[in-house]
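Here is the structure we will look at.
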Amino acid sequence: MKIEPFEMERMQSTWENIVKYNMSESVVHPVSLKELREFGLNLDELDNIPLGYSQSNGTIELREALSRLYPGSTIDHIEVTNGSSEANYLLSLVLLKAGDEVLFQSPNYKQLYGVAGSLGASVKIFNLLPNNNWEPDWEQFDQALSERTKYIYISNPNNPTGSILSESAMKKIVAGIEKYDAYLISDEVYQGAELEKNITPSFWGMSDRVFVVSGLSKAYGIPGIRIGWIIGRPEIVDECWSQHDYITIGPNILSDKMAQIAVDPVNRAKLYARTKQIIGENRKIFRDWVDSFAGFFEYTEPQAGAIAFVKYNHNISSVDLVERIMKNTDVLIVPGSHFGMDRFLRIALGSPADEFKAALTRIKDEIDKLIAEG
Ligand SMILES: Cc1ncc(COP(=O)(O)O)c(C=O)c1O
């Protein structure tokens, strides 16, 4: 099975631990074990757990805790995975066969764009429109959706735009899957990282053709323990478990235990508050930074997530601009072309404020030089 390179992930894993300032992340500054201990994680208990295999679809305790977050679900609706990326992958393995079509919201985290292609499916796109507050292009959506569509993939809140679908947009997407017997994979890993709005409504419960994918990596700020999950129809979730048996068997036993602490509603609220506090502070700094260029950037403020997606007014390609910034300033950001949108940049909003300001100053110096060159 051939798969095209996942450009953004490869660029990140090549450079993110080498550069001085990694501003390519989409996660807030991650939580430490010490912080989790303050939330009630009993390290003595972790110390004594035999490091054996965990329940491969997630322990009953963790699936019970998750099912309480998704009303109407039972533990049989849930598969715990190694990150939400594994959840997306397992669903694609189960749902797709060669010749199927996938309808892919764009711009987006491009994992399933590559995975669907590698499984012999063709990928059609519906765009979010930058000049219309990232509202979906409904004409394109209606044209691309058909009886050949196996699933629609969206991230909501969206990576990289930070936009959130309106209630009417959600209903339209669900009506689309119902009409054509397709499925929806709603990747909700940024749910809980809203800046001003209330928590993003989940697609969970809107149709039994919906699969919600989520995990601890983004709004919870705990990517390192690699816990994600799928919630959906038990018979398909069961098939995901079978795929899981062949791929990684299951999640790590310590991570499962830590996840039980993180998803407890009281702790979850504290983790979300931590995330909102970090990105809320940085968002103001970022707004001033964008304004300081007087017109170089066009920027729709994100509604959620630890990322800003900005358009710039210059004819340099986004890959060349990112390479230039990295070479001359030791700061890594993501070119818009990794999301199919050249002349855009994705910049992380999740670092501690002092690092964030220092990195922005470096980027500004380089862009000022670029502007001066004409
Ligand atoms: C929308 C989306 N889904 C999934 C992932 C992968 O996250 P995880 O660390 O949970 O595998 C990312 C990472 O950036 C993402 O943006």
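We count ligands from 1, going down the list as the structure has it; atoms in each ligand are counted the same way. Numbers here simply count residues along the sequence, with the first being 1.
- Shown in contact with G83 at under 4.0 Å from a heavy atom are these atoms of ligand 1, numbered in order with element: 10 (O), 11 (O).
- Figure legend: R346 and F309 shown without cation-pi pairing, the cationic atom not lying both under 6.0 angstrom from the six-membered ring centre and within 45 degrees of its axis.
- Geometric assessment of K110 against the ring of F339 yields a negative cation-pi assignment under the 6.0 Å and 45° thresholds.
- Ion pairing between a basic and an acidic side chain is recognised when a charged N comes within 4.0 Å of a carboxylate O; E61 and K257 show no such pairing.
- Under the 4.0 Å criterion applied to side-chain N and carboxylate O atoms, E38 and K34 are assigned as salt-bridge partners.
- With a heavy-atom cut-off of 4.0 Å, S155 touches ligand 1 through its side chain alone.
- Close approach of ligand 1 to S26 is summarised as follows: ligand atoms under 4.0 Å from at least one heavy atom of the residue are 14 (O).
- Residue K218 has at least one N or O atom closer than 3.5 Å to an N or O atom of ligand 1.
- For ligand 1, the polar-atom distance check against S85 finds a nitrogen or oxygen pair separated by under 3.5 Å.
- Of all protein heavy atoms, the one lying nearest to atom 3 (N) of ligand 1 is D187 OD2, 2.6 Å.
- Per-residue contacts place V189 under 4.0 angstrom from the following atoms of ligand 1 (heavy atoms of the residue considered): 1 (C), 2 (C), 3 (N).
- Residues L349 and V310 are members of one and the same hydrophobic cluster, defined by side-chain heavy-atom contacts under 4.5 angstrom among Ile, Leu, Val, Met, Phe, Trp and Tyr.
- When Y153, Y109, Y89 are ranked by how near their heavy atoms come to atom 5 (C) of ligand 1, first place goes to Y109.
- Listed for the N88 side chain is no donor-acceptor partner under 3.5 Å among the backbone atoms of Q111.
- Backbone and side-chain nitrogen or oxygen atoms of S84 are examined, and one is located within less than 3.5 angstrom of a nitrogen or oxygen of ligand 1.
- Here's the thing with Y190: one of its N/O atoms is less than 3.5 angstrom from an N/O atom of ligand 1.
- Residue-ligand proximity, R226 to ligand 1, at heavy-atom distances under 4.0 Å covers atoms 8 (P), 9 (O), 11 (O).
- In summary, the atoms of ligand 1 found under 4.0 Å from a heavy atom of S217, numbered by their order in the structure, are 8 (P), 9 (O), 10 (O).
- A cation-pi contact links K172 to W138, judged by a cut-off of 6.0 Å to the six-membered ring centre and 45° from its axis.
- A salt bridge links R287 with D291; the closest basic N to acidic carboxylate O contact falls under 4.0 Å.
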